Amino acid sequence: MPQPEPSGFIRTLNRMGYGIASLAALRNGAAVVANDIDARHLQILRDRAPATLKRRLTLMPGDFPDGIDFSPGSLGAVLICRVIHFFDGPTIERSAAKVIRWLAPGGKVFVVGETPFIGTAKSFLPTYQARVKAGAPWPGIVKNVAAHNPKRAGNLPSRMHLLDEPTLRRVFSNAGFAIEHLATFARPDFPPDVQLDGRESVGLIARKP
Ligand SMILES: C[S@@+](CC[C@H](N)C(=O)[O-])C[C@H]1O[C@@H](n2cnc3c(N)ncnc32)[C@H](O)[C@@H]1O
């Protein structure tokens, strides 16, 4: 079993497009492996990183979770920020299963995703609520984004998967994680039409036992 890096040299898989979190982690002494399916986003991160930090930055373009891999137990922390709301249910389950394998014992996963409580999904909310009532396993799947969000559909995939606390709790608990923190939170940084009632995003922090 590979040993985790000593603390202060925590390897992170970071899914920031342009690297706000990656740069902060690098400045705090972490070694960062930055992944994005679009290599141009990673190049922006690389260009923004000062030379002294670049030595600890590895770019890993590829399709998470199926197109990239790490040795078991080789990561100290994984940030999956605003990405799994593009995945279907089984892909989210594979993401959690892969991440727990990659993490060292005691390592943590940090997940952020959009919820059904965003201003641009108002017309989808009744469908979501009916699915929750019926016990649907993936109540936040939006099959036709253009019908619910015509203004932004051009910049979004045709399917979205808006996430809630019960869904994240189930998937990450079933994968073997101990949930440390799980809550919705407000996004005052989002454009006004995407904001709704202070529950626009959901965040999870979970530990590999
Ligand atoms: C909404 S942006 C989020 C960017 C950043 N993490 C943030 O929180 O602002 C989604 C990012 O995920 C990337 N992405 C989408 N699907 C992906 C996949 N399967 N594997 C890796 N990256 C993916 C996109 O290229 C894009 O940079």
Side-chain angles (χ1 to χ4, degrees), residues 11-27 30 32-49 57-70 75 77-103 108-121 138 140-143 145-146 148-149 151-163 168 171 175 181-196 199-205:
R11 214 173 273 272
T12 62
L13 165 66
N14 177 23
R15 307 192 46 70
M16 280 306 295
Y18 301 148
I20 292 172
S22 291
L23 290 168
L26 287 164
R27 278 194 293 271
V32 172
V33 182
N35 160 252
D36 198 290
I37 199 165
D38 188 334
R40 292 169 304 176
H41 294 186
L42 297 174
Q43 202 49 55
I44 293 169
L45 162 63
R46 190 175 183 76
D47 292 345
R48 290 177 66 195
L57 172 64
T58 305
L59 304 186
M60 184 184 274
D63 186 358
F64 171 78
D66 299 318
I68 63 170
D69 215 353
F70 292 91
L75 302 182
V78 175
L79 169 65
I80 312 171
C81 192
R82 303 185 60 223
V83 174
I84 63 172
H85 54 228
F86 298 127
F87 295 175
D88 61 17
T91 308
I92 297 177
E93 289 175 334
R94 287 200 304 285
S95 301
K98 276 202 147 180
V99 167
I100 200 164
R101 196 165 72 233
W102 296 339
L103 281 171
K108 294 193 187 190
V109 64
F110 300 78
V111 181
V112 174
E114 257 75 285
T115 71
F117 309 104
I118 49 176
T120 43
W138 308 108
I141 291 270
V142 186
K143 288 186 185 137
V145 168
H148 293 288
N149 189 356
K151 184 177 156 197
R152 293 181 192 276
N155 295 322
L156 291 169
S158 57
R159 184 200 60 216
M160 291 278 296
H161 191 165
L162 301 173
L163 297 163
L168 286 184
V171 172
H181 192 70
L182 178 57
T184 55
F185 59 98
R187 297 303 297 249
D189 51 318
F190 279 0
D193 61 316
V194 185
Q195 293 182 45
L196 186 68
R199 295 181 290 170
E200 292 84 17
S201 283
V202 59
L204 167 93
I205 303 174

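Keep in mind that the numbers below use all heavy atoms, side chains included, and drop hydrogens, waters and symmetry copies. In each ligand, atom 1 is the first atom listed, and ligand 1 is the first ligand listed. In this chain, numbering begins with 1 at the start of the sequence shown. Bear in mind the structure is a predicted one, so any value in this text is a computation, not a measurement.
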*Proximal atoms of ligand 1 relative to F64 (non-hydrogen, under 4.0 Å)*: 18 (C), 19 (N), 20 (N), 21 (C)
*I would like to know whether I118 and L196 meet side chain to side chain contact (heavy atoms under 4.5 Å, CB included); could you show each step before the answer?*
CA-CA 5 Å; I118 49 176; L196 186 68; 5.6 Å; no
*Please report the C-alpha distance between H161 and F87 in whole Å, then the side-chain angles of each, then the deciding distance to 0.1 Å, and finally whether the side chain to side chain contact (heavy atoms under 4.5 Å, CB included) criterion is met.*
CA-CA 6 Å; H161 191 165; F87 295 175; 5.7 Å; no
*Does ligand 1 have an atom under 4.0 Å from some heavy atom of P65?*
no
_What I want to know is whether C81 and ligand 1 share at least one N or O pair that is separated by under 3.5 angstrom._
yes
*H41 to ligand 1: N or O pair under 3.5 Å?*
yes
*Partners of H85 by ring pair (Phe, Tyr, Trp, His ring centres under 6.0 Å), sequence neighbours excluded?*
none
*Are V202 and T184 close enough that some pair of their side-chain heavy atoms sits under 4.5 Å apart?*
yes
_G62 neighbourhood, listing ligand 1 atoms whose heavy-atom distance to it stays under 4.0 Å_ = 20 (N), 21 (C)
*Please work out whether any backbone atom (N, CA, C, O) or any side-chain heavy atom from C-beta onward of N35 is under 4.0 Å from ligand 1, and answer side chain, backbone, both or neither.*
side chain
*Could you list the atoms of ligand 1 found under 4.0 angstrom from a heavy atom of F86?*
10 (C)
*Pick one of side chain, backbone, both or neither for how V83 approaches ligand 1, counting any non-hydrogen atom pair under 4.0 Å.*
side chain
_I'd like to check V78 versus K98 (side-chain heavy atoms, cut-off strictly below 4.5 Å). Are they in contact?_
no
*Apply ring pair (Phe, Tyr, Trp, His ring centres under 6.0 Å) to F117 and list each qualifying residue two or more places apart in sequence or on a separate chain.*
Y128
*Just which atoms of ligand 1 are under 4.0 Å from any heavy atom in F87?*
19 (N)
*Quickly, which of D36, N35, T58 forms a side-chain contact (heavy atoms from CB on, under 4.5 Å) with L42? Name it, please.*
D36
